Each structure stands twice: as C-alpha cells, then as structure tokens.
Number of protein chains: 2
Amino acid sequence: MSEARNPTIREVAKLARVGLMTVSRVINNHPSVRPSTRKKVEIAIAQLGYRQNEAARLLKGQRAKMIGLIVPDLSDAFFASCAHTVQHIARMHGYMTLVVSSERDADLEFQQGELMASRKVSGLLIVTSTSRGDERLKHLQSTGLAIVAFDRPLPGADTDCVVVENRLGAEEATRHVIEHGHSRIVCVGYDEETYTIYERIQGYTHQMNASGLKPEVALGLLTFEEVRDWVKHLLGRTNRPTAIFSLNHRTAVFVLRALAEMQIKIPEEMSVLGFDDFELASVITPPFTTVAQSPVEVARRSMALLLERIQGVKTGAASSPAKILLPVKLMVRSSCAPPGKAAS
Amino acid sequence: MSEARNPTIREVAKLARVGLMTVSRVINNHPSVRPSTRKKVEIAIAQLGYRQNEAARLLKGQRAKMIGLIVPDLSDAFFASCAHTVQHIARMHGYMTLVVSSERDADLEFQQGELMASRKVSGLLIVTSTSRGDERLKHLQSTGLAIVAFDRPLPGADTDCVVVENRLGAEEATRHVIEHGHSRIVCVGYDEETYTIYERIQGYTHQMNASGLKPEVALGLLTFEEVRDWVKHLLGRTNRPTAIFSLNHRTAVFVLRALAEMQIKIPEEMSVLGFDDFELASVITPPFTTVAQSPVEVARRSMALLLERIQGVKTGAASSPAKILLPVKLMVRSSCAPPGKAAS
DNA sequence: TTGAAAGCGCTAACAC
DNA sequence: GTGTTAGCGCTTTCAA
C-alpha cells in the first residue's frame, strides 16, 4: 500500500521556484509566461511526473476531458464499430470515452445523457432512440454542452448531425432489383419509428411507385420465428413476391435463415438483398447483395464535428448546426437475379 | 443560456434548517442521524433536485462512480458484446463505464489504465494485451484499485480472473474431427503470444498427440492474403491435410473465404471448424461447426467479481483472488465430415 | 446526534 | 510576466 500521493501544482511551483499561477499558466498554455520560466516549470513537471488533477479543475467549473457516447446497442456490429472509432479519435485528442447502451429506451437515453452532463463531459455523441416529438435531450445544449447526433437526427434537431443517404440507398437497391425484372418486391424491417428504417421505406416506396409497381412493406417482425412465419406465408401466396428487400441487418439474417431452412434457393427461387453490409456478406452462399454504409466514416465525421463544436463552445462561437449526409454504396454480389420459373 | 446552477449541499442545509454535515450524513447513509432529521433533509433534497457533485467528492479522495473497461478491440463482436454487458450491469449498480480499445498495444493499455486510475475509477476490467512478463498494470492494485482480468489473465496474475476452458474446448474440437476419421489436421491462428490462442494450441496439440497424430500449427497469418496463400499452399501438398481448425474467429473467416474462392467444397473436400461462435455460423453454407463461448457470461461473472472487490476494498477486506473457469460448448453443425476421396 | 472549521488541488480575478 | 487571495462543493476532524 505505497500511497504514492500525486504531486500537486504547489510542489511543482516550489521545485521550480515560481508561484502557483505560473505553473497553472504553463499547464494551460497561457501565453503570458516568459519562455525561460516556462522551461523551468516544464522541467519540474517532468521531474515530479506531475499530472493535472481533473477533480480540482471540475470543481472550478471546467469541463472534463471526457466525451459521452450513447448508442442503442453496443453489441450491434455497426454501433460497436462506431464506438471503436469514436473512442480512438477521442483518445488521440486527449479525451476518454464514457459509453452507454440505451437499449433503445428513450427514457434511459435521456437519463444517461443528463448523468453525463452532470459529469461535465465536454461533448455528447448520440444515436438517439427517441421518437419524433421527444426533445428532452436538446435542452442540454442550452447549458453549453456540445452535442452531435449521428446515424439519426435528434428530433426537432438543431444539433450537428451526421447521417447516411438512407433514402437514396434504398432507392438504388430497389432499382437494382427492378432492373433484374422483378415486379413483386416486398420489403421488411422492424419498426418504422426508427429514422433510418423510415427513410429507407420512403426510398423503397418512392422507387416502386416511380416504376409503376405496388410497394409492400412488412414491419414489426422482431424475432426469428416471426420472420420465418412471415416468409412461409409469403411463399404460399398466389403471385408470390420474387424478391425480398430487408431494411436492416438483423432482419436480413432472419430472412436468410428462414429461406435456408425452407431450402429455398437464392437467387433462383427468391432474390434477396439488404441494407447494412456485414463482414460475412461476401463469404456466405450466395454472396449477399447489400447497401453498405461505413461506421468508421460516420464516427469519424461525427467526432470531427464534436471536436470543432467543443472548441467553438470554448471560444463562444455557437455556429449554426452542420448537417452531413454520407454516401452509401450498393455492394452488388449474387443474391439478386432475374425471377426464375419457380416463382412465376 | 439558463445557467441553472446545481443546488449544493449548503442550499439543502439551509432549506432543511440543519447543518451541512447533517446533509452530508444523510447522503452517505451515515447511521447517526435522527429519523426525523433525516426526513427533513430528504424532503429538501427532493425539493431542490439536489445531486452530489462528484468532483468535490473526488477532491476529498473518494473514488468515482465509474469503472474502466479496457479491451483489445471494441469493434470485435466478442468484446463488443462483453462491453455491452459490462456497461449494462455497471449502470444497474450506479456506475458509468469508461471504455478503451487498447488496439492490442501493451503500452497503450498500460497508459490508459493509469489514466483511468488517475480518474479515480472504482474498478478496472481488463482484457490484457500484455505478454508474459509485463506486469506493469499490476502495481495499480497496490494503490487500492479493484482489478479483474477476463478472457486472459494478467501476467503474474494475482488479480481476480475470468477465463473460459480454452484448452478443453480445443481438445474437444480436435477430438470431434479425429472421430470423423481425419488424421491430417492442421490448426491456424495468429500469434501464440495471446493467452487464449496459446491455450487452444495446447489443447489441440495434446489431443493430437494423445491420438498418435502429428500436430501442425500455422501461426502469424494476419491478413486474408496470407491466409489465402497458406491455404493454397496447403492444398498443393502431397498428403494434404483434410481438416483445418482455426483458433480464432478472424482467421476462420479468412479460411472460409479462401476456400470459397478456390471452390473447395466443405466438408466434402475439406473439413473446417473454428473457435469462437458467431451469429451467422448457422446461416452460412454449410453451417459452420465452432467452439462457442459466451461473452455475456464472461462479462457477467467478471462484473460480479469486480463489484464484490469494490465492496471489499471499501470494507478493507482484500480477499485472495478468485479464478473462474467458464465452460465452452462445441456447436456441431455441418462443416466437418469424414475425409472424402478428393482428399485422399 | 449535530455543527463549525479546515482544506482537498486547482483557476479566476486581481494586485504588483 | 508573475504572485497573492479566494473560493469551487464536499468530507474529515473535532468540539458541543
């Protein structure tokens, strides 16, 4: 139990034979310190292995060198990748990252956001699970906290925001299927409350209508069993759909599993494609066509915005919120083909 | 900019018409407060929406209601799942979670661990990337910090530790292949420095030897290209191996990809199995046989230990370190079969 | 059982 | 350019 107490600013001052404030100024890069003095202090700091005590700074009203990250589900590959990148960049800039899974619960999200704010984080990065109309988190902004929403805008959004071209991506995917000659294309997803899904539905619907086809959207399929039953039902229909477009990863996996279980051949008997790429998409049989978005890029841009905003808050410049729209990419693989005879 | 300053203990005291200390005692559940007094204070607290200022507590030498989590790579599905669970449980107990990816860099890991300690986290949960002989992190323990290692023990370990039956799992997997009639079974992984891989190699080797077969281990295959070349070389050998056992997820995916690219049929022309289960293992063709471990369970047990230890540190009881060994499960699917003619 | 005083390590405001 | 003073909100010590 060698209670090696950390050296304080006072000890540094004594060793460098200067006043407390001089040390403080050196630490905070205040300009008005003579270079020679600065040198002395820096040497003392190095010698003692001095490090700032954040608690003391906080008590004086400063913000912590921490940023908060709230995502719906940290065990989701997409968000995990975002978190990884966020944390990495944060570290590069001297911040640590407080991470929370909101479990897709708006109340929890709000409560944890407040908690982070009360911990004086410098900024908040958030993939919201609130629905339209829930603007509770926004008020944190007025306390001078930098906030960036990503993947989905914060309702009533006047925060910086980074999202991808969900609508365009879904349109392109739908067009891709249509160009293969399909006309009965259904799309599946859970929960149109979620901004991303909602947007993708819009894209899908728009493209279907533009091509004179009738859109058909299935929602609320949360478990594998539900998806399987739905697929089964689908296959039994007269004039059954010949293509399935899944609006999110989870559902895509369920569809694939269900189809495999029923020994339906992809793409001969059913074309399938999904939104959200995944590592094994090109490894599975057949290689799965998806709309890919880059979690790394989303996180990178979000952090850049946040860091800027943190600077800005410091210098008092509350510029108007930035809106960044990132491209997606249709990864054409082999799960789409012209509708086969079996399906006609 | 409604600078709604948080109420302080002083204001609560004034409102409740008691001294500062009484409020402090109520907050900290100190026994010697008359129930009636306590009541008054509690009402005042509720009325003002008072919350403790952690910075001030820290300054007085208390620990933060935070725990630190260090993993090699947060974007890895296994660790992401661990992080999710850790964070969840931490939250349930009133802690926030500081997360760091060490990028498999021992120096970074150490540095971030120290940083967390200087932030006065209550406990540290860590999947180390240090190799045998690097005991730098251990000294943090002597400052009274609760530490639990999981997935891998901390070198020179006298910390609590939660790991899985890597050795037994590898043995069982190897036996499974042998029972299918294979005799030329190679195993692949990256880096035998990593504890888990090392253990699995031991298990594989032990079982091979026990069955009178010659073990063959390929290591250091980090990129897809390297794996592909290795697989290609393997297939060209006279008396080529008939089964590949991958010791980690990443390599397994590469092997699968390489085999698919070369149009080698699994399991007819090559049996394959891997350590570490993944969501799509049962969806891909053919369903992939793996040794599964539960990240949720690993994280759950680790957090339980950490929470206990935090309590213990508080009450001064430094019990001897717990070592927990969690079972793994061989998920028999269809990627292993008796060696075919093509391979003989 | 309760309260008053001291000070944790730092920085903002003001002197020099 | 540099030092001195006064707290930030809390808990620890000691006195009542």
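Quantities reported herein were computed from a predicted structural model and do not represent experimental measurements. First the proteins, then the strands, lettered A, B, ... as listed; each starts at 1.
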Per-nt protein contacts along nucleotides 6-16 of chain D (heavy atom under 4.0 Å; B base, S backbone sugar-phosphate only, - none) come out as -BBBBBB----

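Applying the side-chain hydrogen bond (donor to acceptor under 3.5 Å, both in side chains) criterion to B:Ser36, with sequence neighbours excluded, gives no partner residue.
Closest of all the heavy-atom pairs between A:Thr97 and A:Gln87 is OG1-CA, 3.5 Å. Across all non-hydrogen atoms, the minimal contact from B:Ser32 to B:Arg25 is O-CD, 4.1 Å.
At a threshold of 4.0 Å, the pair A:Asp107-A:Arg136 counts as salt-bridged, since one of the basic side-chain nitrogens sits closer than that to a carboxylate oxygen. With salt bridges taken as basic N to acidic carboxylate O contacts below 4.0 Å, one links A:Glu135 and A:Lys138. Of the charged side-chain nitrogens involved, at least one lies within less than 4.0 Å of a carboxylate oxygen, so that B:Arg119 and A:Glu54 count as a salt-bridged pair.
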Item to complete: Tell me, with the steps shown, if A:Gln112 and A:Ser102 meet side chain to side chain donor-acceptor pair (under 3.5 Å).
Response: CA-CA 8 Å; A:Gln112 296 289 310; A:Ser102 66; over 6 Å; no

Next item on the list: Begin from the C-alpha positions of A:Thr196 and A:Thr194 and carry the test side chain to side chain donor-acceptor pair (under 3.5 Å) through to its verdict.
Entry: CA-CA 6 Å; A:Thr196 47; A:Thr194 306; 5.5 Å; no

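Atom-to-atom, CG of A:Leu58 to P of C:dC8 comes out at 18 Å; the value is rounded to the nearest Å. Spacing between atom CD of A:Glu11 and atom C1' of C:dC8 amounts to 13 Å, rounded to whole angstrom units. Distance A:Arg17 CZ to D:dG3 P: 12 Å, rounded to the nearest Å.
Remark: A:Thr22 is not in phosphate contact with D:dT2, judged by side-chain N or O atoms under 4.0 Å from OP1 or OP2.
Helix bend of the helix from C:dT1-D:dA16 to C:dC16-D:dG1: the angle between its two end axes, each built from five pairs, comes to 30° after rounding to 10°.
Among the protein residues, A:Ser32 comes within range of the nucleic acid bases, having at least one heavy atom under 4.0 Å from a base atom.
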